[in-house]
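Accompanying notes for the structure given below.
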Amino acid sequence: MTIVAQLENVTFAYRDQLAVEDVTLSVKEGDFLGLIGPNGSGKTTLLHLMLGLLTPNRGSIKLFGQSIASFDEGERIGYVPQQATDKGTTMPVTVREVVTMGRFAHTEHARVTSEDRGIVNDALETVGIRALAGRQLSQLSGGQRQRAYIARALASDAELLALDEPTVGVDAESRDMFYDLLDNLNADGMTIILIEHDIGVVTDRANRIACINTNLYHHSDTESFVESDALAEAYGSTGRIVHHDH
Ligand code: ADP
Ligand code: MG
């Protein structure tokens, strides 16, 4: 079984602000990992470390068995950033162009063949935005833009999809459809890391759960998480306790 991402004793601070401390965690091929924790608990930072966007102060990180410092197969990873920090782009670029960029690692001198165009169309179809292919990326809703990023990852044959709170501001019905899409991709073999504030979504969809509050205080399969004290702690820390009057 391939280990997609492996972190050992990873610590990271922004100047003097400790954000992630001594985290050891591995993600296996085919996993659907839900990463949860309160605001400011280090979720985005941990994801950035795992994807090589930040360098740890201490500890080691491997992607697909390779040290992250020398990892150069970015096309194997699809990253859907947190919407709040993602302004899309001010460049005039269409949805089809963005998704086609996913093919560039596989083409010579970015020469797009009819086969590439077919792959791009399939990716747009899979995520349900083929009708929007000619639209400017900046003119999509947040949820549609997330789908465009997923389509780009599919076009690049990504094996790991990392998503940071992808459905914030997306209505409930679209959100369910979005998570059905992730389920289908996972069933087809895509490894998924999902940061999601709604613990119900995570326990429904993920097979592994990691809880972080600077330190990783729980990491297990979903069933063990649901039966553990970490569930109550996670709800408590996000203020999402369900109150019963009787
Ligand atoms: P989460 O995604 O769980 O909300 P973050 O990983 O964004 O948490 O942040 C973890 C901690 O690091 C917080 O205390 C946050 O204020 C701090 N932090 C995040 N980004 C920066 C940054 N660019 N510079 C300084 N501190 C940051
Ligand atoms: Mg975050």
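All residue numbers refer to positions in the sequence shown, counting from 1. First listed ligand is number 1; within each ligand, the first listed atom is number 1.
Not one N/O/S atom of Thr45, from backbone or side chain, sits under 2.8 Å from the Mg ion (ligand 2).
Rounded to the nearest 10 degrees, the angle OG1 (Thr44) to the Mg ion (ligand 2) to OE1 (Gln82) equals 80°.
Taking a cutoff of 4.0 Å between a charged side-chain nitrogen and a carboxylate oxygen, Asp183 and Arg205 qualify as a salt bridge.
A 6.0 Å sphere centred on CD of Glu73 holds more than 12 heavy atoms belonging to other residues, nucleotides or ligands. More than 12 heavy atoms of other residues, nucleotides or ligands sit less than 6.0 Å from atom CD of Gln66.
With values rounded to the nearest 0.5 angstrom, Ile209 atom CD1 is found 7.5 Å from Leu33 atom CG. Separation of atoms CG (Leu194) and OG1 (Thr167) is listed at 8.0 Å; rounding is to 0.5 Å.
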Which atom pairs, nitrogen or oxygen on both sides, join ligand 1 and the protein at under 3.5 angstrom?
from: ligand 1; atom 1: 2 (O); to: Thr44; atom 2: N; distance (Å): 3.0
from: ligand 1; atom 1: 2 (O); to: Thr44; atom 2: OG1; distance (Å): 2.9
from: ligand 1; atom 1: 3 (O); to: Ser41; atom 2: N; distance (Å): 3.1
from: ligand 1; atom 1: 3 (O); to: Ser41; atom 2: OG; distance (Å): 3.3
from: ligand 1; atom 1: 3 (O); to: Gly42; atom 2: N; distance (Å): 3.1
from: ligand 1; atom 1: 3 (O); to: Lys43; atom 2: N; distance (Å): 2.9
from: ligand 1; atom 1: 3 (O); to: Lys43; atom 2: NZ; distance (Å): 2.8
from: ligand 1; atom 1: 4 (O); to: Gly40; atom 2: N; distance (Å): 2.8
from: ligand 1; atom 1: 6 (O); to: Thr45; atom 2: N; distance (Å): 2.9
from: ligand 1; atom 1: 6 (O); to: Thr45; atom 2: OG1; distance (Å): 2.5
from: ligand 1; atom 1: 8 (O); to: Gly42; atom 2: N; distance (Å): 3.2
from: ligand 1; atom 1: 14 (O); to: Gln17; atom 2: NE2; distance (Å): 3.4

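The heavy-atom pair separating Ala133 from Leu124 by the smallest distance is CB-CD1, 3.9 Å.
Under the ring pair (Phe, Tyr, Trp, His ring centres under 6.0 Å) criterion, His219 pairs with no residue at all, not counting sequence neighbours.
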